[in-house]
Number of protein chains: 2
Amino acid sequence: MVSVASWNINSVRLRMPSVARFLEEQAPDVLCLQEIKCQEHQFPYDAFRALGYEHFAVHGQKGYHGVATVAKVPLREFSRHDWQANGEARHVGVELTDPAHQGMIIENVYVPAGGDEPDREINAKFGQKLDFLERMTRWADAVDRPTLILGDFNIAPLESDVWNHKQLLKVVSHTPLEVETLKRFMDAHGWTDLGRKHIPDPERYFSWWSYRSRDWRVNDRGRRLDHMWASPELAAKSIAHHVHEDCRSWEKPSDHVPLVTEFAL
Amino acid sequence: MVSVASWNINSVRLRMPSVARFLEEQAPDVLCLQEIKCQEHQFPYDAFRALGYEHFAVHGQKGYHGVATVAKVPLREFSRHDWQANGEARHVGVELTDPAHQGMIIENVYVPAGGDEPDREINAKFGQKLDFLERMTRWADAVDRPTLILGDFNIAPLESDVWNHKQLLKVVSHTPLEVETLKRFMDAHGWTDLGRKHIPDPERYFSWWSYRSRDWRVNDRGRRLDHMWASPELAAKSIAHHVHEDCRSWEKPSDHVPLVTEFAL
DNA sequence: GCGATACCTG
DNA sequence: CAGGTATCGC
């Protein structure tokens, strides 16, 4: 058995009290964080150690982005891609080294948000997002180990992944072009979308609610931007999946909530 | 009986919990704040009303400076000087209107800090500070009502007003030029320094400790920058004076602590 | 060190 | 709306 969590934390230093509460309450074996917004030397290692999480792979950066994978179980850093070679810290991969975990690979990814305008020509950030996915797709083609890829993909692919499909068709994160690009990434390896394996379409499933609405619960204008995808041999072993929506109501919340998947290894 | 407090609060909005605690514990009739760092429409009137302080004279400004006088007892705004006509909100005067208070005037002042270099020629801010005091001196010459002038004067005039006299002789706030200029202001009206009436020189008396020292208590590098001065007829009626040093140890403290004087009217 | 501001990003 | 950055002022 191994449980893996993913959470876009929007500053790990500011949010460490929430992270501690989550780890105390849910105790996943592995926690993958995105948008840690700090450099490696600023990462709160000691706070994690005090909670029993003593294994780390941190890919940090000053001010923006940054990902980290922390665990109660042994791991080794397996890869650290900079697919666009632009110095942005958007990926870290680990291998769980305990034999019980059968060499499971966990790829922690933070896909670029893509700016406001869904047009490659007039918005370079949108182009960067698509390019990032394309480079990840070429990489995924060669994945040959039991792999879980997860993180903030910044795309809500299904109609049921957003609070209003029609209204969001021209909003970055839900445009047909992004959805198709993400689909090609999925097909490149035959990933299984674990979220939708366990909470099937068209059931409501969101992982992010904007800070800009006064009360996120009132109109429930959420999107499913965070994902956990498994390679075929691993997908069959996922036995449970949880979306911790309550975290969105905690003090000083992240705009994302954590996802957790359990595997029977 | 009337008790009057003065406190450089360094952002009244951020510090409102401390202000509330102070008012609950000490309950002065009048509280004069400096460095409120907000505009009038941003002032937390309701929080004060909830504490029983329903009378206000607020002279605010965006981002910097700003003074406010709040009271449990009736007052009217008496004056609002901009002595240097530069738009900086550094003064508000009130008259206590209850007959029991005998028309007492309270002039709430925030003197410019004066920058780093104690030289009019190379540091305009130092010149501005001296000029401010000179203009206040000309004004004080004509004061003809029982007046309490108080606030952050940004000068520690006596040797015992600083943690190390010799070391601070060339540090803005304790230079001979500032001390002489402040002395001329004192003589222009014959003000009584109530702080030193009640806690006589050379007794230790500080009201400010820099944020920059790790633990303000360890080396106790304080200065007496805040003052309460009374015109002759009023000075005779001051019966007690307190420096609330403990506030410097509260959560998220101001770098100044409040002073309180009680008058037998 | 710790307020404020403005700007950038999500 | 809420993070980060930077600079300014005390």
Side-chain angles (χ1 to χ4, degrees), chain A residues 8-16 18 33-39 42 60-66 88-90 110-117 123-126 128-129 152-155 171-173 208-216 221 223 225-226 248 251-256, chain B residues 8-16 18 33-39 42 60-66 88-90 110-117 123-126 128-129 152-155 171-173 207-216 221 223 225-226 248 250-256:
Chain A
N8 177 318
I9 199 60
N10 189 16
S11 175
V12 69
R13 287 175 295 173
L14 202 71
R15 220 78 68 193
M16 199 58 217
S18 294
L33 297 169
Q34 303 87 39
E35 279 206 87
I36 60 172
K37 287 186 173 174
C38 68
Q39 300 171 73
Q42 301 170 314
Q61 175 181 343
K62 184 175 179 177
Y64 299 105
H65 325 311
E88 296 187 354
R90 296 183 174 277
Y110 175 49
V111 175
D116 279 337
E117 201 57 50
N123 170 19
K125 288 183 180 151
F126 190 70
Q128 189 215 342
K129 180 178 192 171
D152 178 359
F153 291 6
N154 265 315
I155 297 175
V171 172
V172 172
S173 73
W208 172 89
W209 293 261
S210 170
Y211 282 122
R212 292 176 215 198
S213 72
R214 306 237 286 93
D215 183 340
W216 70 284
R221 300 191 170 179
R223 305 180 203 169
L225 302 181
D226 301 276
R248 188 64 178 78
E251 280 285 291
K252 290 211 131 255
S254 169
D255 43 353
H256 296 251
Chain B
N8 177 318
I9 199 58
N10 189 15
S11 176
V12 69
R13 287 175 296 174
L14 201 72
R15 219 77 68 194
M16 199 58 218
S18 294
L33 297 169
Q34 302 88 39
E35 280 207 86
I36 60 172
K37 286 187 173 173
C38 69
Q39 300 171 73
Q42 301 170 313
Q61 175 181 342
K62 184 174 177 177
Y64 298 105
H65 324 311
E88 296 187 354
R90 297 184 173 277
Y110 175 49
V111 174
D116 279 337
E117 200 58 51
N123 170 19
K125 289 187 174 130
F126 191 70
Q128 189 216 341
K129 180 178 193 170
D152 179 359
F153 291 6
N154 266 314
I155 296 176
V171 173
V172 172
S173 73
S207 68
W208 172 90
W209 293 260
S210 170
Y211 282 123
R212 292 176 215 194
S213 72
R214 295 208 296 96
D215 184 339
W216 71 283
R221 300 192 169 179
R223 305 180 203 170
L225 302 181
D226 302 275
R248 189 63 179 78
W250 291 1
E251 279 286 290
K252 292 209 130 256
S254 169
D255 43 354
H256 296 251

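Convention: sequence-line order gives letters A, B, ...; per-chain numbering from 1.
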### Query
Could one point to a donor on the side chain of Arg212(B) or the base of dC10(D) with an acceptor on the other under 3.5 Å away?
yes
### Query
Under 4.0 Å: is that the gap between some side-chain N or O of Lys62(B) and OP1 or OP2 of dT5(C)?
no
### Query
Which of these nucleotides, dG10(C), dG3(C), dG9(D), is closest to any side-chain atom of Lys125(B)?
dG9(D)
### Task
Check the distance between dG10(C)'s P and Asp226(A)'s CG and give it to me in whole angstrom.
15 Å
### Query
Any side-chain N or O of Lys252(B) less than 4.0 Å from the OP1 or OP2 oxygen of dC2(C)?
no
#### Entry: Touch class at under 4.0 angstrom, heavy-atom based, for His256(B) against every strand present
nothing
### Query
How many angstroms lie between CZ in Arg13(B) and NZ in Lys37(B), if you round to the nearest 0.5 Å?
10.5 Å
#### Entry: Tyr110(B) side chain, from C-beta outward: closest of dG3(C), dC10(D), dT9(C)
dC10(D)
### Task
Verify, without hydrogens or angle tests, whether Arg248(B) (side chain) and Trp209(B) (backbone) share a donor-acceptor contact under 3.5 angstrom.
yes
### Query
What is the distance, rounded to the nearest whole Å, between atom OH of Tyr64(A) and atom C1' of dA6(D)?
10 Å
#### Entry: Heavy-atom check, side chain of Val172(B) versus side chain of Lys129(B), under 4.5 Å
yes
### Query
His256(B) versus Asn10(B): any side-chain heavy-atom pair under 4.5 Å?
no
#### Entry: Separation of atom CH2 in Trp209(B) from atom C1' in dG3(C), rounded to whole Å
19 Å
### Message
Taking 4.0 Å as the cut-off, does a side-chain nitrogen or oxygen of Ser11(A) come that near to OP1 or OP2 on dG4(D)?
### Response
yes
### Query
Whole-Å distance between dT9(C) P and Leu225(A) CG?
19 Å
### Summary
Between NZ of Lys129(B) and C1' of dG9(D) the distance, given in whole Å, is 13 Å
### Query
Using 30° and 60° as the class limits, which term best fits the ring planes of His65(A) and Tyr110(A): parallel, tilted or perpendicular?
tilted
#### Entry: Nearest-Å distance for atom pair CG/C1', residues Asp152(B) and dG9(D)
13 Å
### Query
CH2 of Trp208(B) versus P of dG9(D): gap in Å, rounded?
17 Å
### Task
Side chain of Tyr211(A) only, please: which of dA2(D), dC10(D), dG3(D) is the nearest?
dA2(D)
### Query
Looking only at side-chain N and O atoms, does Arg13(A) come under 4.0 Å of OP1 or OP2 in dG3(D)?
no
### Task
Rounded to the nearest angstrom, tell me the gap between atom CD in Gln61(A) and atom C1' in dT9(C).
12 Å
